[in-house]
Structure formats: C-alpha cells, structure tokens
Amino acid sequence: MALKQVSSSKCFGGLQKVFEHDSVELKCKMKFAVYLPPKAETGKCPVLYWLSGLTCTEQNFISKSGYHQAASEHGLVVIAPDTSPRGCNIKGEEDSWDFGTGAGFYVDATEDLWKTNYRMYSYVTKELPQLVNDNFPVDPQRMSVFGHSMGGHGALICALKNPGKYKSVSAFAPLCNPVLCRWGKKAFTGYLGTDQSKWEAYDATYLVKSYPGPQLDILIDQGKEDEFLSDGQLLPDNFIAACTEKKIPVVFRLQEGYDHSYYFIATFIADHIRHHAKYLNA
Amino acid sequence: MEEGAGEAPGLGRSAASKDFRFYHMDLYDSQDRLQIFPEESTRMRREGVQAEMTHEPMRGGVKVKAPRDLGEEVDELVHLYGLEDDHELGDEFIEENTPRIEVSEYPSYMMMGSEQRDWRPTGEAAQGEDLGFMGWGSAGQCQDLREAYRYSHGRASEEYECYVIPEEEDEEEAADVFCVTCKTPIRASEKDQDEHKQHEVTPLSKALESAKDEIHKNMYKLEKQIIEMENFASHLEEVFITVEENFGRQEQNFESHYNEILETLAQKYEEKIQALGEKKKEKLEALYGQLVNCGENLDTCKELMETIEEMCHEEKVDFIKDAVAMADRLGKFLKTKTDEEISAQPDFEDQTLDFSDVEELMGSINTIPAPSAPVINPQAPNSATGSSVRVCWSLYSDDTVESYQLSYRPVQDGSPGKEQTEVTMTIKETYCSVTNLLPNTQYEFWVTAQNRAGLSPTSERAVYMTAPCPPIIKSKEIRSCEEAALISWESGNLNPVDSYTVELTQAETPGASGVTESVVGIPTCECLVQLQPRQNYTIYVRALNVGGPSARSEPATVHTTGSYFSLDEHTCHPRLTVSEDGLTVVRSERRGPAKEPVPSDAQFTRCAAVMGNLIPVRGRHYWEVEVDECLDYTVGVAFEDVPRQEDLGANRLSWCMRHAFASSRHKYEFLHNKMTPDIRITVPPKKIGILLDYENAKLSFFNVDISQHLYTFSCQLHQFVHPCFSLEKPGCLKIYNGISMPKHVTFY
C-alpha cells in the first residue's frame, strides 16, 4: 500500500498534504488529505477523520473549512478522504450527483453492481485508519470522527456502529435519518437493495436506539436556513428524540441564519475541533 | 663572686644585688624566685662570705670552709645543689648562678659572668631546714640537705623537661611516637627498649594534636580572660569617670553651700555688731545724762552748804531772816528727790544668738534638694496591649529620686459631668507597665518624683493609648478564588482604630513555607489578599492604633481551591430561603409570600432569585449547581446592579441558562437580553458546571456528570459579575464551590 504524495503545503506551522494510494476495499486509486500539526513532528498525535458531503472530494474540506488553525493548536492530525470510489466504470456511476461518484454514503454496498467498489464504510473505518496508523505519527487509540451532511451521517454511523472506537463524534447538518429522506432512500436502494431492514444498519436514528456502548458526546450544528433541513433531508429532530429517549448526550445547536454551505462549517469548525480535542487530548 | 661583676669585694653589694635582674629566672620553678636579702644578711656576707665555683663537676667535692655563718652557708649550699640539678639538665646555666662556696681545689676566683645573687632557699620548708642546720655544718648534713632540695626540686625538674619536649634534636631520627608516661617524644624503635618499655605511647601526631588542642584551649581561655579584663578595664574607666564627676559635683555643692553659710554668718555678725553698738551708745548716753544731772545736783548741794555756812557767820537778825528763807529753800530742795538709781546696767542683757538658720544651712549640706519635675515620654510605638501601656519618663541627671508617683486617668471624650477616677501609684523605676486598662482607650499620665527633701513639680501630661481589641473575622463572608481571598471583619472596638493588619500563614501543606505574611495598613474592615492557588491558609487580623497592635483575632481558614462564595441573603427574593451555610436556596411549596417582604434595593422582586457574592477578582471562576431534572431554574451571572424587578437574562446585565420542564419536555435557554440560541440537549443535566472566564470574556455551561459542554456566551464583562440563581417552581438548588476546575472545562 504505497502512498504517493500528491501535494504538501505548510499551514499553521504544520503540513497539509494529499496522498494517493491503491485502495484494497475500493479497488481503485483513492486520494485523501492529511493535516499534520506541528506537534506531529515530535510525537504521536490523535487523529480526527472528516467525512465530506455529497459531491465533495478531499479538497472541499481542506480548502474551505478553515479548520487548520484549530487543528494546529490542539495538535490533531486530520484525515479527509474522498467521498466515493472514482473511475470504476460502473454503469450509472456518473449519472447523478446524489448517487455513485461523490455519493458513497459510507456504506458497504451489497448490490452486485456496486458491491465490488462501493465499500466506503469499510474504507473509512478499517482500511484508511490502518493506512494512517501505519504511515503517520498518530496514536491509534485516540481517534474521532466528524462530517458534514452525508459525511455527518457517515460520522454518526461510524461512531454508533463501533462503540468505543471513536472517542467523540460531531456533525454539521447531518443526514440524521436517511431511511426516511429522499437522498437516503435513493442511495440505500441503489447500494443495499430494497430490503429496508438492511438500511437501518446505516441509519443513525435507528442505530442510536440500540447503541449499547460507552458514553458518547455528540455535538451537532445545524443551520436554521439550511434548504435541506426544510426539505426534510436531514431530519435532526428524529435523531434528537431517539437520543433523548436513549439518554445519549447530544447538544444540538440550531444556528440562526446559517445555510448548508462551507461558510456555515467554517463558522463553527473551531467549536467542533475543540469538542474532539476535549476527548482526544483528555 | 660579685668580683666577677667587676666590683671590689665588700663594696656596694647590696645595691648591686638589687639592681641585677636575672633573666633566666623564669625558666626555673617559681620557688627559685630571686629575693633581696634582708639588710642584715647582706651585711653578714660582707664580712667575707664568699663562694667560688669552678666549671669542674663539683659533685661530692664540696667542702664548707669555716668559719662561716652556717645559716648563710647552708643557704648557699642549697643553691649550689640547686645548680647541680640544673647542671644535669644543661651546663650552660652554671655561669649564671652564684654560689658563695669556696671549693678547696680552686682557691682563686674562677667565676665567669657571675653575679651577686641573693637567693632564698626553696620556700618555707627549706628555710626551716636552714635553721635546723645552724651550727652543724658537716658534709653529711649537707648531703641530707641536698637530698631534701632535690626532693623539693624534683617536680620542678619534671616541669622543666616538659618545656624541652618540642625540641627535636635529630632530624634524621625524628621521634615518631610520644611516651605518655614520660611526656616525651621517642622514636618508635626506642619503644621496646629502655625505660619506655612499659609505658603507654601514642603516635606523635596524635600527641601533637592533643597538645595543640590543649594549647588552643588555653589560648582560648586566655583570650576570654583578655576580653574580660578589657571589659573590666573599660568598666573601671567608666567608674573612674563617674567618681570623678560625682566628686566634682559634690565639691561644687559643698563650695556653694559653705559659701552660703559663711555669707549668712558674716551677715549675722554684721547685724549683731550693729545692734551691740547701738545698745552701747544708748546706754552710755543714758549714763552720761545721769552723770551730768548728778553733778548739777552736787553743785546745788555744795552751793546750799556754802550759803548755810555763810549764814552761820551772819548776825542773829539776818541769820534768822535768812535762816527762814534758807529753811524753805532747803526744804524745797530736799523735797526734790535725788535720782540715785543707775539708769543703765553696766552688764548687758543675756543676748541669745540665733544660729538656727545657720544650722539649717549646715544641715542642708548633707541633704539633697527636692527633684525637679520628671519628663514624661510620649508613647512608644507598639508598646501597648489591649489592657496595658508601658509609660516611660526620665529625670534630670542631677536629681536624686527615691520614687515616683505615677498618676493617670482616662481621657474624657467630650462627655462632661462624668468624673473619671484618677489612679496614682508609687514606682521606683522610670517606667511602668500600667495594666487593667480598657482597650483602645486614651489615658492621660503624669508623674512626680520625690526624695526625702520633698516632691517635684508634676511633669507634663502625656496621653497614652491602649491597643485595640482583636477584630472578629466574619468567617461566613470570606470569599476566595485560586489567586485571592476577600476577608472582612468586625472591628471589635467601639472607638475607631488606626488600621488593620491581616496575617496569613500557609498551613499543613507539604512544601508550605510556614512563613507568616502580613498585609498592613488596611483602613477598612475588608481586605483582598493575594494568595497562591490550591493552598490552605490560616488568616488572622489585628487592629492597630498608636498604642500598638491588638492580639490576633480568632483564626479563619481559606482554601484557595476553586472559587468560594456564598449566597447573599440581602438579594434573596422573599419566596426563597437560603440555608445556614449559604450554599442552598430553597423555594417552598407554599403559596403566597413566605416571608414579610422587606423592601430593599438589593432584593429581587420579580423573579425568585438570589445572588452569590463572588470575589471581585478577574480570572477564571468555576462553580457547580445541583438541580432537579424537572425543576424550572435559571442559573448564570449578573452584574451587581442588574434590575431586581426583571427576570434574569431579560436584560444586558445578565447571562443565564434557563431550564423549563413542561409536558415531559425539557427546554433549555441561554438567555441574554431576552434572546437565546436554539439549542437542544438530549440528556438533562443534574449538575451544571459554570465557568466564568473574565480574561476570555466567556461564560460556559456544562453537564458536569458527563463532561458535556452545553453552551458558551461571549460576554463583555466590563465590571464584576456575581453568580445568580432563580427558582421558578418549588424546589432547591445546591451550590458546590471551592472545587478544582475539571479538565474538560479548561478547553472552553
């Protein structure tokens, strides 16, 4: 699993790099971004995974969110993978922006057409962490995950499906209950088939109901002017209700005036980095 | 003998002997002290007692030549043998001894550098032997004497040997051990031989060391003695000067007194003489008058006699005529009484001379004048306690004082009519600690000195003040944080005091210095003291006035872990009750006002709220509030002047988290100026952590149990804020403070 450095730029004393490698899970070349804080020069750092939303690559987050300063200060290695396999020549792969390329939905596909390459869940929870642990000065015991929109959904399910693996989780405008929203239905149908009971394994609201695990502190920021919120794609209330019922600690902040964009993310990214740092650096 | 000194025999010996100083004397035992012979012995020796001595050994060859004064000879023999002892030690001393003994083999004078020596034999015993040998003079007896002398000199010889020890004769074969018994250094090789065989030996270095120690000890003693003597000498000097001064003063005193007496006597003499002269003149004048009178009478009588005689020679007729006239005249004359009493007595009246005033003057020479008024000192700083002052005064150096009368009374503070009692006491010293006084009170003191001549005038009056009572720390009102504590206290004194001092000691912590720090000059009954974080301090307060500091107050304890405050009942809404410890606020179930509402500016009137009195120190403050999940409450901070008739969070002067529980739904608001972000919290906190951070202008709320951050206000805190709490429904809030800030909190 040789890594090929695509770029490297100094940023807030650390280095923002992009690597390319041949993914075993996805059976294609994958790029991912790595931010190495100054602290990584002298010791192992905790690692924070960012899962991006629909249509994104590794570039959106690292170029738009402005997370570097907070990550540099807290000494966190931040990994930002791509959102789906690319160039797998699967029929219909490029047909729509909310399915296929750029829309991996962080599931391991079971449908024949997609199951070979679209294993983003395994990629972000297993292959990529292994790769990172092997190649960068990180402490494997200290990892957390966060994401935006579809990536927020990914972050929540990664944390909820792997109790104890992630020290903390947070999300910006996540798809909280994809089973019940159009994006989710489309994607799950495409990747997992029509058996809706299989979908629940990738639905945060369902996963919370059976979450057994250790204490998880979930921070969710949601723009109040987010068009997808009013469109019923995100459904945070369902998730909050489930968490309230299961006494899973969530602080959900409905941010007045913010939309779904990276401007919204950039506004609160520091809060989220701190949220994770609190657990990663405890 | 003396001839060796170049003098003719028999001439000036006495004088010569007196002038000589035998400088080796000190090498010998003190018994060898040179003594001047009494004059008669000198004279006897002049008669030809001469001794000679050779350089040859004289042991056994000594012969006494007759005729000689035996006593003298014995005396000299003793010296000879004394010398013999010395010869055994070192022949170089020979020449310096001058035995007057003639040795038969050497008739001529052979003395070299000899001199007249007048020796007394070795002390009383030898002198006794001296007498015992009178008239004997045999050699055997001399031998006995020699033995006796040796005996008496034995000790001296040993001591002499001691002085020789340090000299090392042979460098190559240096002595390396020390024979303790013989007190001499020997070579180790000698140890097994000869006389040291049985003796105790020590290494020479050790012996040297102990000898040095001994010497140093002695030196030390000597030094001490020198110092003592110097001190004594300077003391003597002082005494000398004092005596000189005192006597000088007494001389002056006497002189003036005697002059006074003489003047008085002279004056008296003048007066007496004058009186006497006047008396004399008066008497003489009287007598002279009488004498003149008497003469006139006599003349008259004579004239009458003559007239009568003439009449007798006249004729009868004329005679008769004249006789009748004469008889009349005579009768008339005789009727006038001749004054034969002496008008003035020749001797004068018994005049008593009055010397009483002179006697008094004479008497006053030996008595002393009454002292002048002492000078009372102003109060020395820090000399008073709460119940006593130390009063000091001084006298004029010329005065002799037997005792002082110290009087005092409290200074009246403008409340006339109340007669303050005066107290007087007799004191020998020039100071007095006056006890049993009232604290923080001014007293007026004055003093008079007295001796047997009488009382001095009173001194000026000085006002002294007793120290104040110790203040009383308001332990319940102590507020603290990690860097400081705000201590307040009650004065404990009715009158104002000058200032207060706060003393603080770190207590019972490992690494605590134990040093007491003081903050002085505090004008009010409150002090903010800077402290080290996470320490325990014991704090005392003292009150001060000109008299000095009071005793320490009862101690108060401060822990600089976290911030500590209690609820301020003055702000408490009537429906709320603050617990005894000031850390729990309760809203009871009862309807209607629980208490009679006491209108107060500080009191909350609209929302059932109460404020805590957080220490006014910028920095970070953290406290926790235990709440009921279902309770409607508001917790946060507010400026001191937050409107009491408004809800907390309803204005720009307060920042609060409000919880409302309705239809099994929890609603959390983070209110400032009536606005709140839309925040949902899935797990209702049972304990809320509140972090007030002045530096970063932030106020954060946490769910303590799960270390969850709930919300952070950014707030411009241009002045100090206080924690505030309100209960919208019956229930209670319990405050936890004085706790360390949890780690998770430090991220915000």
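From a predicted model like this one, the values you see are computed outputs, not experimental measurements. Letters A, B, ... are given to chains in the order of the sequence lines, protein chains preceding strands, and every chain is numbered from 1.
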request  = Give, for atom OH of B/Tyr748 and atom CG of A/Asp271, the distance between the pair rounded to the nearest 0.5 Å.
outcome  = 7.5 Å
task = Please flag which part of A/Asn281 lies under 4.5 Å from any non-hydrogen atom of chain B: side chain, backbone, both or neither.
result = both
inquiry  = Just so I know, are the side chains of B/His744 and A/Tyr279 near enough to count as touching, which here means a heavy-atom distance under 4.5 Å?
reply    = no
message = Tell me if the NZ atom of B/Lys687 is crowded by more than 12 foreign heavy atoms within 6.0 Å.
response = yes
task = Pick one of side chain, backbone, both or neither for A/Gln215, based on which atoms fall under 4.5 Å of a heavy atom in chain B.
result = side chain
request  = Identify the two heavy atoms, one from B/Leu710 and one from A/Val251, that lie closest to each other, and give their separation to 0.1 Å.
outcome  = O-CG1, 3.8 Å
ask   = Got a sec: does the CD of B/Glu640 have more than 12 other heavy atoms crowding it under 6.0 Å?
value = no
query = Hey, is CD on B/Gln532 packed in by over 12 heavy atoms from elsewhere, all under 6.0 Å?
reply = no
task = Below 4.5 Å from any heavy atom of chain B, which atoms of A/Lys246 appear? Answer side chain, backbone, both or neither.
result = neither
task = May I ask you to check whether over 12 heavy atoms, not counting those of B/Arg618, lie within 6.0 Å of atom CZ?
result = yes
ask   = So does A/Glu245 have more than 12 non-hydrogen atoms from other groups sitting under 6.0 Å from CD?
value = no
task = Please report the shortest heavy-atom distance between A/Asp217 and B/His709, naming the atom on each side.
result = OD2-N, 4.4 Å
query = Do you know which two heavy atoms are closest between B/Pro684 and A/Lys247, and how far apart they sit?
reply = CD-NZ, 4.1 Å
query = Is the number of heavy atoms from other residues, nucleotides or ligands under 6.0 Å of A/Lys17 NZ greater than 12?
reply = yes
query = Is the number of heavy atoms from other residues, nucleotides or ligands within 6.0 Å of NZ (B/Lys729) greater than 12?
reply = yes
remark   = Between A/Cys243 and B/Thr682, the two heavy atoms sitting closest are CB-CG2, 3.7 Å
key: Side-chain touch B/Asp678/A/Lys224, heavy atoms, less than 4.5 angstrom   = yes
remark   = Under 4.5 Å to a heavy atom of chain B? For A/Ile248 that would be backbone
query = Looking at B/Ser707 and A/Lys278, what are the two nearest heavy atoms and their distance?
reply = O-NZ, 2.7 Å
